[in-house]
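Residue numbers begin at 1 in each chain, while the letters A, B, ... track the order of the sequences.
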Amino acid sequence: MFNLSSFVQKAQSAAQQLIDPMQGLNLTNSDRNPSKASLFQSQFRLPASQTPLYEIPAELTIPPSNITQGDKDRDRGWHYAGKLHLSDSYICFSTTATSFVQSASTSSSAAFTGQTHGGGPSGNGFTFPLCAIRRVERLNSQTFQFALAITTWNGITQELAKDKDVQRDKKDFREQRITIHLAASRPACERFCDGLKRGLRGAVGNVGRYKKVIADCYSEYLLRPEEMKNVNPPDAGLGMVFRYPGDPKKLRDRAKMRLWAEYLRDNGRNATLIRQPTFHKLIRVGLPNRLRGEMWELTSGSLYLRLENPTLYVDTLAKFEGRESLAIDEIEKDLNRSLPEYPGFQAEDGISRLRRVLTAYSWVNPEVGYCQAMNIVVAALLIYMSETQAFFLLSALCDRLVPGYYSSTMYGTLLDQKVFESLVEKTMPILWEHLVKSDVQLSVVSLPWFLSLYINSMPLVFAFRVLDVFFVEGPKVLFQVGLAILRINGEDLLDASDDGAFISVLKSYFSRLDESAHPKSENPKLRAINRFQELMVVAFKEFSAITHSSIQDLRMKNKDAVLNNIENFAKRTAIRNLGPESKLLSADELSSLYDRFYTVLYERQQRDSIIQEEQIRRAKASRARGAETFTEHRDHGIEKGRVGLGPSTSLMDYDAFREFLASVSKWAISDTQPSPRRDPSSEKDRNGYFGSFRRAESNPLSPWGGGPEPADHEFMQRLFRRWDVDSSSTLTLQNVVTGLAHIKGKRDIMGTITYFFELYDDDGDGRVDREGILRISEALLFISRRGLEGSLSPSNSSVTLDGMTEGDKGSASPPIGGTVNERFLGSVSAFIRRCFEYADPDHPSNQHVMSIERSSSPGVADTDIPAADNSAFAIGDDEEEEEEDLLAFEDATDNLKTTKKKPDLGSVPPAIGKPDAEEGRKRAVSKAQSEKANVALDPSNPLHITLPTFRMVVLADELLEQFFESSFPASLHIIDGLPNASSQYTSALTTFSNMGFGRSAAGSLPVSQPGIAGAGRGLRGVLDNLVTDASRVAAEVRRRMEEAQRELEKNALPGQRDDDEEEEEDIQGPIKTSGGYGGDAERRSVLSTDRDLLDGADADAGAGKANEGSRQSMLLDPNVPQGRTSTSSSATQRIVEFES
Amino acid sequence: MADANAPKPSSSVKLVLLGEAAVGKSSLVLRFVNNDFQENKEPTIGAAFLTQKCNLPTRTIKFEIWDTAGQERFASLAPMYYRNAQAALVVYDLTKPTSLIKAKHWVAELQRQASPGIVIALVGNKLDLTGEGGAGQDGSEGAEGEEAGDARKITTEEAQSYAEEEGLLFFETSAKTGHNVTEVFTAIANAIPETSLKSTRGAGASSMANRGGDEQRVNLNGPREAAKEGCAC
């Protein structure tokens, strides 16, 4: 704890829980065998940073106290046999049976036989922080024994230590010195001592902190010599100002205080206290007011949390000062409702203390935040302790003592109610039967008992006495007291026949707790016993069989049922509360969607924690330690993230989204080899929007668990961004439902087409540019590469074939899938072609004036650039390039990647759509130049398609139409999911290259395509070459553009310049683009053949559906001239703008 | 007690209050039970339990009221309280649109999960903030939307039409002024079918025995329960 690294770690995790949140419940997969560390921590109430290093049988000898117990009989002091434990910064001794199998090796003794089950410091012994130890001596008086004498800092405060004279003068001051005989083999003893030595050395630096922390303990003041009590006593809660509840005389507070002072003087105070039987007795009779806070802090272990990070409370308040949260709003509502009868909470002082403690905790543990009932508990704590102490005690409560009680699902509360019910059933079968028969739900009554630790149910004085024991002995006390209440009121309860009557009986009982339990008894002693005392006796005598471990067993038994209940409720509610879009999906779909969503999140968290554990384990293993080193054996099955436990996240990041998609659609599963179609620009996307999701690739364990590795395609990124409506980089269930509802819910082809178009319309201006068109086609190929699903008609002609009526079942391969899929490739290439053919020229750089221009000025300049030419030459260009570069293709793409990165690095913030804008600007530049040079056909002539164009192009092709109509929506299998066999999908990709389209395609093509048969092998071959792979087409176009751009840049100015600068320079400077011209000339030369090609291609694609072809051209006509006018006008405008 | 001299049959009805936090559930109950309005001094952990009688011409209804905690995370406890309930008051704050959404969620939950035939009343509380309920219990209704400085965010029509759609009783109330509060409970009492009264809790049959218990219960539950006004209907 006190070494530097963990110190830093602590500081970093200040906003995390102080104790492992699951530790208290041990609700892990290895439930029956809770980890040794967690048992150790529970038994001695130590922070989660402490792991047991060594344990050794030992005998503790406490010397006789020279002042009060000076008689001869006790000269030899007290002896306790037990076990001595050493952790990183604590040395602990307990007489209660140790929690571990005796014979097991220390490193593997996860199994456990003891009685304590980490039940708390119930035995005799001590828990010393190593920094509280002043000196350890090895006693060599007897050679056959191995003995240590431990001297603590007990009683030596800072001033005392400084003022040595005072100390020496004090006759009655006595160092706390205890002797421990180690009862083990010599080597074992030596090892233990070595460990102790190391620990002590590490702890030296923390002595100062220790002294500061214990200075807040009231015992330090209490035990001061009278003449030094001039200083103010430490804060022992609101009670010091507003009086403590109850009548001090009746509570015999003074007598108790005297007894405690004596005990503390003899046995050490606060951190150096030694637990002897008297200690437990003193606690059972009720703590004195001013020591109550300190004892709660000590027995609950929250003192050790405070010792670990003393300034956490103050720091947290400072850090979050002025911040607002839902929890704070909720806290504010309850401040005036927390123990309102107590004067301290009628005053601003008390209210603001309460506010600060609750607020600080809500920041430190945002998963819990604030839960009603915490206000009552904290209010009670604040009567007896300072804010800081209450803050840490609240941590200890929420994380260990009543785990899950206040969580967002309150699973701990519900679980313990089930446990309580089963205990009632077991111990009071008649009452239980009556409850069942009269349909009374016990938890209606008992839930508030547990949730507010009886503070809200009993009169405060009595509730605090329950708490006194509860903090030492743990949650079993709540059950014992609850059972005792029912037992004592059994008769009356058997008469009660409904909830109301039941509640009344108990209410009246609580209000008479101070009355005599035996008012009619002759015996005055018996008469003096009040009902509360009777309750305590019944609780701890009659129900002594209720132990920590029996509670734990019952918790395990009921855990699943309770969590399932909560999860069902949460699911029901969540689904019902989804927005109106959810109505588009069926109930089954929503249900599976919900399950899938949380399954992905849950499994990812599980994997993360396992990976983390693995890393911790490795780190630990690499640290050389003795043979007896405990390897930290944390439970791997920490079920964090399970909905019933209060999901630690309900947000899906991009990686989780990919995993989610991969579970419902086969196209989202990655090809085993990295996809060749991977978009080069995704590299930079990742650095920006998606950069934060990237985890280190060095993870030894698969980050995808047993599932298939999801693909990472630009299309998925776009989908994610589209669904992420509030740009939070995460998706909620609502986002996912809404997103899917738009795709799957409507079953409306126009809607789907629009949706797809909008995915690629980055700036929402209703246009998709060249880049976008290529990306759309890439996405189409990406989605279809494992075959299309949904209802696809086999032929372009309407009714030639019969078989394919309904493939809607989502079968992985439709009957004639192969051929359909092959044809789909053709459709996509036709799509690209048509897009370019019918695209409108565009000038993205001055889009803002576009609309005005469109209506006002008539075209001037480039009416001689037909849109068709642009596209024709874009594709023709590629085709030609293809032949040239076919072998060097890989290099080309590599070049592309590297060159593409360069211009972006300098100027482009990697936000959505920005790269395109950048390119647009570049294109605009080259456009300006080409126009100046009167070159009509520039490769980077910007163009775009609008939604109507896109729609038309899609509808022009029956397969594409079917894709949008059914195939794409059907490819998301929300309900049945995918058979979880990734290998199935890695092969059999339908891509151009896989099909071997280029060479022998004609033979394998279906006969039902008369166009191809007619056109013959040659034509088809050319076409196939043309689109050998859509990625190549895209890459080539881009490369061309890049090249042209680079040429321009090179020629415009020598040397490296920023893009921004270049833009302006380019326009004004002399433009000599020899490369560009050359390229253009070349391109022009192939233009005519390209045209032929396209004609052929058109015939090919459209042959089977002449009807549609004609419809399509009809549709087209009005669009084309309009596009042209707008282009020409805006072109002039743009030049003006650049020059001005 | 109000029914002490009446030979009318008495039966108890379990009623649960649900709704977003701070819409005034507890205040409504307090107004109904004690005819009082004040800061709720008793925090609602899980649920508060109160009883109040309501005299109808033909019978006496004893409401066993479960006033649930409004904090979101307590929602998963709600099934425990609405189990076997014969009536539910789903409360929203008519100055706070989100509270109506939450109320609709509760209505849906009850309709699907609670006992069939449960009588649900949708109650828009805090009418006083709209300047309409200021007239108090004797104030005339139908003066909606006239005042200026209206904090109302949910129109009567909107909530009313929703209530009609779902077959709910509908009221707008002010726990502060008491406007319409008893009317809600009376309407519920009237809406509960006679048959369900007899069958469900068996209170009618053993009314004498129960009455003794009631007496005791009232005393034990402190001053609040001891208010002898009864239901003002």
Side-chain angles (χ1 to χ4, degrees), chain A residues 326 329-330 333-334 336-341 368-373 375-376 406-411 413-414 417 438-439 441 443-449 451-452 455-457 495-509 511-512 565-566 569-570 572-573 576-577 644 646, chain B residues 12 14 21-22 26 39-51 62-66 68-81 83-85 101-102 104-109 111-113 200-203 206 209-210 212-222 225:
Chain A
L326 173 67
D329 293 346
E330 291 176 334
K333 272 182 220 157
D334 288 345
N336 291 314
R337 304 164 54 173
S338 318
L339 302 188
E341 304 85 9
V368 166
Y370 168 72
C371 175
Q372 283 182 331
N375 59 329
I376 294 168
Y406 307 122
S407 84
S408 58
T409 58
M410 302 180 72
Y411 65 91
T413 308
L414 293 168
Q417 286 311 301
S438 45
D439 202 18
Q441 202 156 10
S443 37
V444 158
V445 182
S446 55
L447 186 134
W449 297 351
L451 201 56
S452 65
I455 297 167
N456 205 28
S457 312
D495 289 340
S497 59
D498 59 45
D499 297 335
F502 208 79
I503 286 179
S504 307
V505 169
L506 295 169
K507 251 190 178 172
S508 84
Y509 171 71
S511 67
R512 289 182 294 146
N565 253 341
I566 296 172
F569 180 84
R572 212 163 65 209
T573 313
R576 198 162 50 232
N577 296 354
Chain B
S12 51
K14 179 172 172 182
S26 299
E39 187 118 2
N40 187 4
K41 291 296 180 194
E42 215 160 83
T44 315
I45 299 304
F49 178 78
L50 301 111
T51 58
K62 195 189 93 193
F63 279 114
E64 294 180 347
I65 303 169
W66 289 97
T68 62
Q71 203 187 6
E72 184 66 36
R73 70 186 69 190
F74 281 80
S76 60
L77 308 184
M80 193 163 88
Y81 298 109
R83 201 183 61 113
N84 289 337
I101 295 170
K102 186 73 199 159
K104 289 178 179 176
H105 293 164
W106 277 124
V107 170
E109 168 85 11
Q111 285 171 339
R112 276 179 228 187
Q113 306 294 334
T200 43
R201 302 196 67 83
S206 57
N210 262 7
D214 289 350
E215 215 74 60
Q216 188 193 20
R217 200 177 304 174
V218 167
N219 292 335
L220 302 176
N221 285 351
E225 297 276 337

Colleague: To the closest 0.5 Å, what do you measure between OG1 (A:Thr573) and NE2 (B:His105)?
Modeller: 9.0 Å
Colleague: Write down the atom of A:Phe569, the atom of B:Ala75, and the distance for their closest heavy-atom approach.
Modeller: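 Looking at all heavy atoms of both residues, the closest pair is CZ-O, 3.2 Å.
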Colleague: Taking C-beta and beyond as the side chain, do A:Gln417 and B:Met80 meet within less than 4.5 Å on heavy atoms?
Modeller: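 The answer is no; the side chains never approach within 4.5 Å.
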Colleague: Just by modelled atom types, is the A:Tyr370 backbone N or O under 3.5 Å from a matching donor or acceptor in the B:Gln71 side chain?
Modeller: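 It does hold such a pair.
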Colleague: Just so I understand: if I count every heavy-atom pair under 4.5 Å between each of A:Gly369, A:Ser452, A:Pro448, A:Cys371 and chain B, which residue has the most?
Modeller: A:Cys371
Colleague: Where on A:Glu330 is there a heavy atom nearer than 4.5 Å to chain B: the side chain, the backbone, both, or neither?
Modeller: side chain
Colleague: With a 4.5 angstrom heavy-atom cut-off, which part of A:Thr413 approaches chain B: side chain, backbone, both or neither?
Modeller: neither
Colleague: Just checking B:Glu72: does its CD atom have more than 12 heavy atoms from other residues, nucleotides or ligands closer to it than 6.0 angstrom?
Modeller: no
Colleague: Quick check for you: to the nearest 0.5 Å, what is the distance between A:Leu447 atom CG and B:Tyr81 atom OH?
Modeller: 5.0 Å
Colleague: Rounded to the nearest 0.5 Å, how far apart are CG of B:Leu50 and CD1 of A:Ile503?
Modeller: 9.5 Å
Colleague: What's the spacing between A:Arg576 CZ and B:Arg112 CZ if we round to 0.5 Å?
Modeller: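 If I round to the nearest 0.5 Å, the distance is 5.0 Å.
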Colleague: For a quick test of reading the model, state the closest non-hydrogen atom pair linking B:Gly70 to A:Gln372 and the distance between them.
Modeller: N-OE1, 4.5 Å
Colleague: Using non-hydrogen atoms only, which part of B:Ala78 is less than 4.5 Å away from chain A: side chain, backbone, both, or neither?
Modeller: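 For B:Ala78, no heavy atom lies under 4.5 Å from chain A.
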Colleague: What pair of heavy atoms forms the shortest contact from A:Leu414 to B:Ser76, and how long is it?
Modeller: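 So the minimum-distance heavy-atom pair works out to CD1-OG, 4.1 Å.
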Colleague: Which atoms form the tightest heavy-atom contact between A:Ser408 and B:Arg73, and what is the distance?
Modeller: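 For A:Ser408 and B:Arg73, the tightest heavy-atom pair comes out as O-CB, 3.1 Å.
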Colleague: How long is the span from the CG atom in A:Asp499 to the CG atom in B:Asn84, to the nearest 0.5 Å?
Modeller: 8.0 Å
Colleague: Quick one: pull up OG in A:Ser504 and CZ in B:Phe49 and give me the separation to the nearest 0.5 Å.
Modeller: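 Going from OG on A:Ser504 over to CZ on B:Phe49, the span is 6.5 Å.
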